[in-house]
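As structure tokens, the structure follows; a few thoughts come after it.
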Amino acid sequence: MNKRNWREEVVQYSKDLRLPMIRQHFEEYVKDAAERDVGYEEFLALLLQKETDSRQEAARYNRIRRAEFPYKKHLEDLSILDLPEDAQKKYKRLKTLDFIKEGRNVILAGNSGTGKSHISIGLGIEACMQGYKVWFTTVPLLINRIRECRSERTLRTFQHRFEKYDLVIADEMGYISFDKEGAELLFTHLSLRAGQKSTIITTNLSFERWGEIFQDPVMTAAMIDRLTHQAYIVNMNGNSYRMKETKQWLEDQQLV
């Protein structure tokens, strides 16, 4: 079989085996190997590495896409010194993502604009990059999704999927109050993950004010107990991180 036929065979095999990077870069790597007098083993390893790197990058992209983040915020974009003091102290520990391995929750509680959502999304994207399955939602949207699944009789499927995420980010606890039924649905579903998988909760209310959300002291106490057990609780009260970002942007645009 001549050289041209061999190359045609490689292209066809790579199509059959769904190896697009090998198909696209085979000729390039052959030329490079000839110029550098690369051995067969190194040539094959480099070609397979190209395919592997591409698949891993595609997997990271898909995990981030499926997580449904409202926008991209990376941990590297944070100005650590501008975060509230408690967040500065716990940042390094959270960045390791050990809390996911341990199945622990993270609760970011404090006034608006201090970086709660940025930190939670940044941790979520980092988790996606490291191979974890993540889902982002707001608490009001989560309750609506549960109600929709119940009415469509797909609740069991949703519960199974909800339990399996390595990390769920439930943003904006306390921004909108809900009825008793909504509180019960939220409690039930967050309890499915308690002690097994990690959940990040962001809230602008102190625990003493959670009764305003759930409107039931017994359920409120049970919810706090479940969510805070062996959790990382970060006090996010401080100056507005968002306002500092806005001021910096205005300065960069020479608008102030």
Side-chain angles (χ1 to χ4, degrees), residues 56-57 59-142 165-176 190 193 197-207 227-228 230-256:
Q56 290 177 344
E57 181 60 31
R60 285 191 288 268
Y61 170 81
N62 285 328
R63 284 192 295 270
I64 292 173
R65 178 178 58 82
R66 290 167 183 159
E68 300 182 18
F69 297 112
Y71 44 79
K72 302 288 179 62
K73 287 285 187 179
H74 298 273
L75 292 177
E76 293 74 16
D77 300 329
L78 281 168
S79 174
I80 307 303
L81 294 178
D82 288 328
L83 293 173
E85 184 178 353
D86 196 39
Q88 293 182 40
K89 292 178 181 178
K90 294 172 180 174
Y91 173 77
K92 277 190 177 180
R93 184 64 185 272
L94 294 176
K95 189 178 179 181
T96 65
L97 303 184
D98 285 346
F99 69 93
I100 299 179
K101 299 174 188 176
E102 299 162 355
R104 296 192 183 194
N105 295 336
V106 175
I107 300 178
L108 303 165
N111 52 289
S112 298
T114 54
K116 298 185 296 296
S117 294
H118 189 149
I119 292 174
S120 65
I121 292 173
L123 290 171
I125 289 178
E126 184 63 26
C128 289
M129 297 292 285
Q130 294 192 28
Y132 292 108
K133 285 184 63 179
V134 179
W135 186 47
F136 178 97
T137 184
T138 65
V139 170
L141 285 177
L142 173 58
Y165 286 113
D166 298 302
L167 174 64
V168 167
I169 301 170
D171 200 23
E172 300 181 355
M173 172 84 85
Y175 284 82
I176 298 175
L190 290 181
R193 301 176 54 78
K197 298 288 187 176
S198 296
T199 303
I200 295 179
I201 301 285
T202 73
T203 179
N204 63 330
L205 298 180
S206 63
F207 294 127
L227 292 179
T228 62
Q230 296 187 335
Y232 293 95
I233 301 174
V234 185
N235 183 346
M236 293 295 294
N237 284 312
N239 295 325
S240 175
Y241 183 89
R242 188 181 298 130
M243 186 62 69
K244 291 176 183 177
E245 283 188 322
T246 301
K247 184 178 179 181
Q248 183 61 54
W249 179 84
L250 290 171
E251 290 175 354
D252 291 344
Q253 301 298 315
Q254 298 182 341
L255 297 176
V256 294

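Fair warning: this is a prediction, and the values are worked out from it, not measured in the lab. Reckoned from all heavy atoms, side chains included, excluding hydrogens, waters and symmetry mates.
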At what distance, to the nearest 0.5 angstrom, does [atom1] of [X] lie from [atom2] of [Y]?
X    : Y    : atom1 : atom2 : result
L141 : E172 : CG    : CD    : 8.0 Å
I119 : T202 : CD1   : OG1   : 10.5 Å
T228 : F207 : OG1   : CZ    : 6.0 Å
I125 : K73  : CD1   : NZ    : 10.0 Å

Would you call the rings of F69 and F136 parallel, tilted or perpendicular, where under 30° means parallel and over 60° means perpendicular?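 F69 and F136: tilted rings.
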Taking all non-hydrogen atoms of both residues, which atom of [X] and which atom of [Y] are closest, and how far apart?
X    : Y    : result
T203 : M173 : OG1-O, 2.8 Å
L167 : A127 : CD2-CB, 4.3 Å
G124 : I169 : CA-CD1, 3.9 Å
S198 : R104 : OG-O, 2.8 Å
I107 : L227 : CD1-O, 3.9 Å

Spell out, as yes or no, whether a donor-acceptor pair under 3.5 Å connects the side chain of N237 to the backbone of N111.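 Looks like yes, one N/O pair under 3.5 Å.
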Would you confirm whether R66, through its side chain, and K133, through its main-chain N or O, come within 3.5 Å as a donor-acceptor pair?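 Side chain of R66 to backbone of K133: no pair is present.
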Answer yes or no: is there a side-chain heavy-atom contact under 4.5 Å between [X] and [Y]?
X    : Y    : value
I100 : Q130 : no
K101 : T96  : no
Y175 : V139 : no
K72  : I64  : yes

For a side chain to side chain contact (heavy atoms under 4.5 Å, CB included) with Y232, tell me which candidate from I200, N105, L108, L94 qualifies.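 Only one of I200, N105, L108, L94 forms a side chain to side chain contact (heavy atoms under 4.5 Å, CB included) with Y232, namely L94.
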Run the salt-bridge test on D86 and K90 with the 4.0 Å N-O cut-off and return the result as yes or no.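 The answer is yes: the pair qualifies as a salt bridge.
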Quick one: ring pair (Phe, Tyr, Trp, His ring centres under 6.0 Å) partners of Y91, sequence neighbours excluded?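 Listed in chain order: nothing, the list is empty.
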Check whether the side chains of S112 and N204 place a donor and an acceptor atom closer than 3.5 Å, and report yes or no.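 Distance-only check fails for S112 and N204.
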